[in-house]
Amino acid sequence: MSRAPLRIRSFRDDDLDAVVGLWHTCGLVVAHNDPARDIAFCRAAPQSELFVAEADGRLVATAMAGHDGHRGWLYYVAVPPGRRGTGLGRRIVDHAGAWLKSLGVRKVNLMIRESNLGARGFYARLGYDVEPRCVMARWLEAPPHSPQSGS
Ligand SMILES: CC(C)(COP(=O)(O)OP(=O)(O)OC[C@H]1O[C@@H](n2cnc3c(N)ncnc32)[C@H](O)[C@@H]1OP(=O)(O)O)[C@@H](O)C(=O)NCCC(=O)NCCS
């Protein structure tokens with residue numbers, strides 16, 4: 001568990017470069033997702049939030065959370081490589097989960113790319129289970145060309 005004083009708050013405009021940089025560093029940005037657009041869309045909706053954690057004056061974690069009127073969802077959970085293993089991921093996911101619960105959400109879902117075994121291990125430690133579901137998706141507008149699939 002990290003002992004550095006940690007402040008978890010909502011994203012502000014001046015966080016943009018640090019957040020997008022962190023997501024690139026963490027391999028969370030794929031060709032069909034524009035992170036700045038994703039952030040703007042998240043912030044425009046009352047039932048979604050982008051949380052950032054600060055410690056030592058630096059941005060040390062992010063988590064995007066929201067609900068669709070039924071389930072809660074988590075996206076863009078990220079901790080810089082040099083800060084991992086100190087409890088920051090757990091703390092921001094717990095914060096996002098508590099926020100969703102305060103809105104009446106009973107269950108949180110998330111999607112992990114199959115190759116991301118580290119994230120599976122992390123969420124398993126936080127009490128998340130792999131459930132036998134098949135995720136299906138369809139673009140409602142033409143996506144930028146990308147060989148990858150993702151959320
Ligand atoms: C996944 C990620 C957010 C974890 O952040 P973190 O700050 O290192 O995680 P924590 O230190 O809070 O770890 C919480 C628990 O998960 C465990 N854990 C963390 N990473 C793990 C891994 N790769 N494999 C197995 N367990 C892991 C920790 O040991 C800890 O267990 P404990 O509390 O029982 O001791 C971070 O590795 C990351 O940013 N990865 C790249 C981005 C990513 O893949 N995000 C998820 C997208 S779906």
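Order of listing sets the numbers, starting from 1, for every ligand and every atom in it. In what follows, every heavy atom counts, from backbone to side chain, and hydrogens, waters and symmetry copies are set aside.
- Closest protein heavy atom to atom 7 (O) of ligand 1: G89 N, 2.8 Å.
- Remark: minimum distance from atom 4 (C) of ligand 1 to any protein heavy atom is reached at F122 CD1, 3.5 Å.
- At a heavy-atom distance under 4.0 Å, only side-chain atoms of N116, from C-beta outward, approach ligand 1.
- Taking atom 39 (O) of ligand 1 as the reference point, the nearest protein heavy-atom neighbour is V79 N, 2.8 Å.
- Summarising the local packing, CZ of R71 is surrounded by more than 12 heavy atoms from other residues, nucleotides or ligands at distances under 6.0 Å.
- Near A78, with a cut-off below 4.0 Å to any heavy atom, the atoms of ligand 1 are 39 (O).
- Protein heavy atoms all stay at least 4.0 Å away from atom 29 (O) of ligand 1.
- Between the choices R84, R125, R90, the shortest heavy-atom distance to atom 33 (O) of ligand 1 belongs to R90.
- Taking atom 47 (C) of ligand 1 as the reference point, the nearest protein heavy-atom neighbour is L28 CD2, 3.9 Å.
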| message | Does Y123 form a side-chain hydrogen bond (donor to acceptor under 3.5 Å, both in side chains) with D129? I'd like the steps, not just the answer. | response | CA-CA 8 Å; Y123 285 116; D129 295 315; over 6 Å; no
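- Residue, atom and distance of the protein heavy atom nearest to atom 22 (C) of ligand 1 are G118 O, 3.4 Å.
- For R106, the CZ atom is loosely surrounded, since the number of other residues' heavy atoms within 6.0 Å does not exceed 12.
- Among all protein heavy atoms, the one lying closest to atom 11 (O) of ligand 1 is G87 N, 2.8 Å.
- Contact check on E54 versus R83 returns no salt bridge, with no Lys/Arg side-chain nitrogen under 4.0 Å from an Asp/Glu carboxylate oxygen.
- In summary, R58 and D56 do not engage in a salt bridge, as defined by a charged side-chain N under 4.0 Å from a carboxylate O.
- When only non-hydrogen protein atoms are considered, atom 8 (O) of ligand 1 lies nearest to G85 N, 2.8 Å.
- Here the straight-line distance linking atom CG of N109 with atom CZ of R133 works out to 8.0 Å at 0.5 Å rounding.
- A donor-acceptor pair is defined here as one N or O able to donate and one able to accept, closer than 3.5 Å; no such pair exists between the side chain of S48 and the backbone of M64.
- With hydrogens left out, the protein atom closest to atom 46 (C) of ligand 1 is V77 O, 3.5 Å, a heavy atom.
- In this structure, R120 does not pair ionically with E114, as no charged nitrogen and carboxylate oxygen lie closer than 4.0 Å.
- The T86 neighbourhood of ligand 1 comprises atoms 11 (O), with distances under 4.0 Å to a heavy atom of that residue.
- Note on D15 versus R9: salt bridge recorded, some NZ/NE/NH1/NH2 to OD/OE distance being below 4.0 Å.
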